[in-house]
S.K.: 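Have a look at this one before I ask anything.
Proteins come first, then strands; the chains are lettered A, B, ... in the order of their sequence lines, and each starts at number 1.
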Amino acid sequence: MNDHTGPSASPATAHERRDESRQDRQPAAAKLHLNRDHALRLLREMLRIRRFEERCAELYTEEKIRGFLHLYIGEEAIAVGVMQCLTAEDAVVTTYREHGHALARGLPMTSLMAEMYGKQEGCSRGRGGSMHLFDLARRFYGGSAIVAGLLPLAVGLALADKLQGRNRVTACFFGEGAAAEGEFHESLNLAALWQLPVLFVCENNLYAMGTALERSQSETHIHRKAQSYQIAAETLDGMDVLAVEIAARQAVAAIRAGEGPRFLECQTYRFRAHSMFDAQLYRDKAEVEAWKKKGPLLRFGHWLEEAGLLDVAGRAQMEAEIEAELAAAVAFAEAGTWESVADLLKDVYTGEP
Amino acid sequence: MNDHTGPSASPATAHERRDESRQDRQPAAAKLHLNRDHALRLLREMLRIRRFEERCAELYTEEKIRGFLHLYIGEEAIAVGVMQCLTAEDAVVTTYREHGHALARGLPMTSLMAEMYGKQEGCSRGRGGSMHLFDLARRFYGGSAIVAGLLPLAVGLALADKLQGRNRVTACFFGEGAAAEGEFHESLNLAALWQLPVLFVCENNLYAMGTALERSQSETHIHRKAQSYQIAAETLDGMDVLAVEIAARQAVAAIRAGEGPRFLECQTYRFRAHSMFDAQLYRDKAEVEAWKKKGPLLRFGHWLEEAGLLDVAGRAQMEAEIEAELAAAVAFAEAGTWESVADLLKDVYTGEP
Amino acid sequence: MSSAMIETTYREAVREAIRDALRRDPRVFLMGEDVGRYGGCYAVTKGLWDEFGPERIRDAPLSESGFTGAGIGAALGGMRPIVEIMTVNFSLLALDQIVNNAATLRHMSGGQVSVPLVIRMATGAGKQLAAQHSHSLENWYVAIPGIKVVAPATLEDARGMLWSALEDPDPVVIFEHVMLYNRSGPLAADAGPVPLAGAAIRRPGSDISLISYGGSLYKTLDAAEALAREGIEAEVIDLRSLRPLDDATLMASVARTHRALIVDEGWRTGSLAGEISARIMEQAFWDLDAPVGRVCTAEVPIPYPKHLEDAALPQVPTIVAAARAILGRE
Amino acid sequence: MSSAMIETTYREAVREAIRDALRRDPRVFLMGEDVGRYGGCYAVTKGLWDEFGPERIRDAPLSESGFTGAGIGAALGGMRPIVEIMTVNFSLLALDQIVNNAATLRHMSGGQVSVPLVIRMATGAGKQLAAQHSHSLENWYVAIPGIKVVAPATLEDARGMLWSALEDPDPVVIFEHVMLYNRSGPLAADAGPVPLAGAAIRRPGSDISLISYGGSLYKTLDAAEALAREGIEAEVIDLRSLRPLDDATLMASVARTHRALIVDEGWRTGSLAGEISARIMEQAFWDLDAPVGRVCTAEVPIPYPKHLEDAALPQVPTIVAAARAILGRE
Ligand SMILES: Cc1ncc(C[n+]2csc(CCOP(=O)(O)OP(=O)(O)O)c2C)c(N)n1
Ligand SMILES: Cc1ncc(C[n+]2csc(CCOP(=O)(O)OP(=O)(O)O)c2C)c(N)n1
Ligand SMILES: [Mg+2]
Ligand SMILES: [Mg+2]
């Protein structure tokens, strides 16, 4: 049984890093108590997301899932790494690319899949679909299709916590594209000015739809933008689940200690198209392949094997369990029911009609 | 006849400075050829603004001027210093506190005063009033009552110049309060990303209406925000007309050389209320008095006297000339005519009705 | 025994309503630009910062989208925020938050969350503030499912609607017309909450229904007086709630008078007045003896000079003339 | 000799219009999110980046307010920008620029400047994109003095309105309904500019005027066909220009048919349909044999599931039923 004490023991060390601020980190605070259960849990959580989304892509071509479908494949380490550091009391706010966050936050795969179908057994009663996953019981506040639109909301959730004297964290996920929007700017200022307990997690996958970061923002190091609001920020390898967990754990600890907001720029890459309607003419295959080699599942899986934490049979069993969970989720969604058209006007206002 | 060769010879050296970036500046490039005519011109321009606005305040209490009236008194050095560096081909974009910019840009005092009255002889045919001064011939594009609302427009004017291969500069003035708005963020990114010829001039008078800068922005050094977009930026003494002119001249030269946008944070203070409806409960008299001692007219005037560039008689003559100009402007406005109500719908669309 | 009446301004009535809410419910706080130290751009919140402190009377930076969204988040987090957007003109910067979050979160989440947020804003023209500072955009807000919209015109409503809005589980937008703040009159010392919904007949009459709200109400009442001097008895209806609209009261009035005129400071095309006219068309067509009329603002950005601003806005003589025309008494 | 007809999609027609404009006038450039390398979120601009390069097919960062305002500035600076806001949903972030600058600069400056800017945006529902991505906000834009608003529904208009918009000295907003991009049909090889103003009668008829625009036009035409099978001859009017509205064509039609129904994908309250109903009230009341009706979208954020989205939007059967009701044939 391994008990790793920091990033040096993790596969992350083999990865390229663009991290300039890592030296600020206290090695002691970086300790990650990585026992076998936890390691396997990380892999399993990432695999659940991967398999869920692979299946969603199939279901999309079968027209079971409609509308927009944005896959998180390649970025799983971020959601999984960060969620390890949150408690049930904390809040999560995210984007339209949020299946991974929802699963990692503990939303049941069944109700997620039913939501993808638009069935009333879905986590948003089918009204939301892929881009609007909600689960109040798990303090999962969506799921928004407006880029940067939920950043102010995350600030407000944190403000409510601060005003009510609750030591809770609001984790807010968004892409690097969102950092160009005015709402990013206004939100970071508010969070920093009022020293609010927000963990900003930028998933820098280098593209906003088809627009490469260097063609859309004059400062491509997003964490430096955050620093310009006096927010402690760092960049890290978002393909390395351990690196993410370590950084998030430190950030969350600082936030809980009352040190105000923190900002993580996670370097990552989406392996699939932006949505299901994207011919990907804007990036070349070689780039995609190179990033796939750094895939969060691939490397962490290998490392677990090499470290003797997971053998072939163990992996096969994990896959089988996930396959079973997924099959149950699809069956649940298939068996789900359509909300009556008579209820069309429901939930425009509270308590009506 | 003095020929000053840089800030060391100017009264600016006696002022407090919060300038961290000044050392970047090439001393050679800083040379300001300050002959007597130019020095007197600077004083005269500042005095014209001061006297114009003092008169406007009186006219406001007489109800000749209505609506909102935002006085620039105390900040004259910025408009006057920057305008020295622009040619007729360059463009100016500003805010609701823009009488100073308009006068320094060369708009006739007559048509300005008529605009303040709302007479059709005004520079915006009376339709705009104090907050919407326009003069297309002088490329003076307003005059906007929406904080930060014209920053994107300045970016667009500069984009047009770049696309058409014209070597022109667009100077864009705004308060430090504007720097909290999303439009500030989006505009600076666009200007930096596309390397557009914009001179951003932040008039940091420490308050946005009644809100002190440190109570509204987590980073109070506005030029550092600009730097976070990779824009060369500096802070300087905005009460010192020579310091402003020197900095603006360097910035404009860099912009004309194709080096992209530049950003000046001018430390200043408004001596009067935000508008005519402001009891100023948010700052104490001592603070106002301390800043008044650093007033741009006071110090530059003293210095001109001490340097033997302007004697009492010369000053009196200058004041008299300005008084005459002002009297003519008021007479012009008084004699001006009201636009016919029959023309109410004019200029909603081009060429109608 | 009825309570004492106190001479009060609209401004004071709003201030008392805010003070009252802050005292009643620790979850309430007010957030906006210059609401604190400055005392509010229309002096509505003067004194509250000293009384309740900067946490509850929270000055926000110039960032309308940011702090409106923060209000939405705080509402989700269990607070009862009052967000003050200084004027409707600046609310253009916050519309994404209002439409896509405040109004929509309940539905998108399948009914899991409510957004108990109150947004107050000043609206309207009349102070020579020119093209960018004189908007009336109530018509836009009225078109957003998921929010409620009210326009208190009287002291009672200014005093009483805020608390009801805070008790409402959904977002409520309150429009305060800038020309009302200085209005004064007697208000009961114990004036309390009033319901949000329901139009009010402010003057009964049998010849024509004059329908108005907010800042235009008093012009409409003055027009009714002028008409009365000519022997025309106009009924004046104050909409009070703009979303939902109280169709029943409107149609009952039209059924009595058979004629209607809507007075609305919005620009004519796309105005709330148009919506009301269309509803009367749909629900009371057979009661009408003449087409429903509208007195709205001329379709021009508001000019600065007083004579042109006056000419652009609804005025007593234009209301009187329009009413006469509908009655065939030109 | 009439020109050859070529099978074309609406998407291709818009693309050809853009290409044409870029060729005709060196001052024209297109700016928006993902218009360049990506080829446009609805593939409208595919190929143009290769043909015209990144200066003229300019990818903009996610900053709707910023690049719309930059378009306004560039227009003032002598260019003829086409700003693409990906969808009307995101235009909420740019409304301050559109209302307070684009629409207002000419007036505020006393007529010194014009803003020759064209803004294109996709609008409407029908693709199961749910609550935040299915708005129809034409009604808001129609209420802004200083801009013009058009909604090309046909291939000819998609091809021809852009150039006329670029020749207009004032800002023009073009709404392209998302469900139209894939529509195809024959278009003249030499199809050229068409005027912005003026409604078009797409189907003559004598029993009722069905008034529609944009994506709803084809549902309305289908409804007219269904009504024809019942012996009801409906006249179908395509508004084409939403601001200004062509009152003359509308009133002339109503004078012939004495009945009208407006089909509008906007939410009912505050809809453009309401404005049109009010205008018919004002200008053609005495011609009416029955109240004017509206078929609009139900007042609910658009739900994701297809059956609920369909139920929320205007559909052929609801249009047919509403027309029948107006004709007393229920
Ligand atoms: C305000 C707004 N503008 C535009 C869009 C269209 N859009 C959807 S996703 C996207 C790219 C966002 O990129 P990024 O923030 O990097 O997130 P990623 O998709 O890469 O995870 C764009 C332009 C939108 N949804 N919202
Ligand atoms: C978008 C917007 N929000 C709010 C206001 C109201 N307002 C007018 S001036 C002002 C303060 C602006 O301060 P700053 O930018 O520092 O300029 P200063 O007045 O100090 O020159 C405010 C809040 C406005 N005009 N526009
Ligand atoms: Mg991205
Ligand atoms: Mg200021």
S.K.: Side chain, backbone, both or neither: which part of C:E309 has an atom under 4.5 Å from a heavy atom of chain B?
M.R.: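 Neither part.
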S.K.: With distance as the sole criterion, is a donor-acceptor pair present between the side chains of C:R294 and C:S271 under 3.5 Å?
M.R.: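 A pair is found: one side chain offers a donor N or O, the other an acceptor, under 3.5 Å apart.
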S.K.: Please look at B:Q280 and chain C and tell me whether the side chain, the backbone, both or neither of the residue comes under 4.5 angstrom of a heavy atom of that chain.
M.R.: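 Neither part.
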S.K.: Does the gap between the ring centers of C:F90 and C:H133 come in under 6.0 Å?
M.R.: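 Yes - the distance between ring centres of C:F90 and C:H133 falls below the 6.0 Å cut-off.
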S.K.: Relative to chain C, which of B:A178, B:G177, B:S340, B:G182 shows the most heavy atom pairs under 4.5 Å?
M.R.: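 So the answer, after comparing B:A178, B:G177, B:S340, B:G182, is B:G177.
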S.K.: Any idea which of B:L281, B:V147, B:D278 has the most non-hydrogen atom pairs under 4.5 angstrom with chain C?
M.R.: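 Most pairs with chain C among the choices: B:D278.
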S.K.: Side chain, backbone, both or neither: which part of B:A212 has a non-hydrogen atom closer than 4.5 Å to chain C?
M.R.: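 Neither part; nothing is under 4.5 Å.
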S.K.: Go through the side-chain N and O atoms of B:Y269 and B:E287 and say whether any donor and acceptor fall under 3.5 Å apart.
M.R.: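 Short answer, yes.
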S.K.: Is it true that C:E51 and C:R23 have a side-chain N and a carboxylate O under 4.0 angstrom from each other?
M.R.: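 Salt bridge: yes.
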S.K.: If we define contacts as heavy-atom pairs under 4.5 Å, which of C:E299, C:K127, C:K306 has the most with chain B?
M.R.: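 Highest number of pairs under 4.5 Å: C:E299.
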S.K.: Could you tell me which portion of B:S124 (side chain, backbone, both or neither) has an atom closer than 4.5 angstrom to a non-hydrogen atom of chain C?
M.R.: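 Contact with chain C: none, neither part.
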S.K.: Between B:E203 and B:Y72, is any side-chain donor less than 3.5 angstrom from a side-chain acceptor?
M.R.: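 Side-chain D/A pair, B:E203 to B:Y72: present.
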S.K.: Counting only heavy atoms closer than 4.5 Å, note whether B:Y117 contacts chain C via side chain, backbone, both or neither.
M.R.: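 Interface part for B:Y117: backbone (N, CA, C, O).
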S.K.: Do C:E33 and B:T211 pair up side chain to side chain, a donor and an acceptor below 3.5 Å, judged on atom types alone?
M.R.: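 Checked: C:E33/B:T211 side chains show no N/O donor-acceptor pair below 3.5 Å.
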S.K.: With a 4.5 angstrom heavy-atom cut-off, is it the side chain or the backbone of C:L92 that approaches chain B, or both, or neither?
M.R.: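 Neither; nothing under 4.5 Å.
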S.K.: Between B:V341 and chain C, with a heavy-atom cut-off of 4.5 Å, which part of the residue counts as in contact: side chain, backbone, both or neither?
M.R.: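 For B:V341, backbone and side chain are both near chain C.
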S.K.: Tell me, side chain or backbone of B:M131 under 4.5 Å from chain C's heavy atoms, or both, or neither?
M.R.: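 Side chain only.
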S.K.: As a test of understanding, state which of C:L105, C:I147, C:T104 forms a side-chain contact (heavy atoms from CB on, under 4.5 Å) with C:V115.
M.R.: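 Only one option passes, and that is C:L105.
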S.K.: Flag the pair B:R127 and B:E339 as a salt bridge only when some basic side-chain nitrogen lies within less than 4.0 angstrom of an acidic carboxylate oxygen.
M.R.: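 A salt bridge is present here (some side-chain N lies under 4.0 Å from a carboxylate O).
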S.K.: Check whether B:F277 gets within reach of chain C through its side chain, its backbone, both or neither, counting any heavy atom under 4.5 Å.
M.R.: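 When you check distances to chain C, only backbone atoms of B:F277 fall under 4.5 Å.
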S.K.: Measure B:I65 against the heavy atoms of chain C and call it side chain, backbone, both or neither at under 4.5 Å.
M.R.: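 Both backbone and side chain of B:I65 come within 4.5 Å of chain C.
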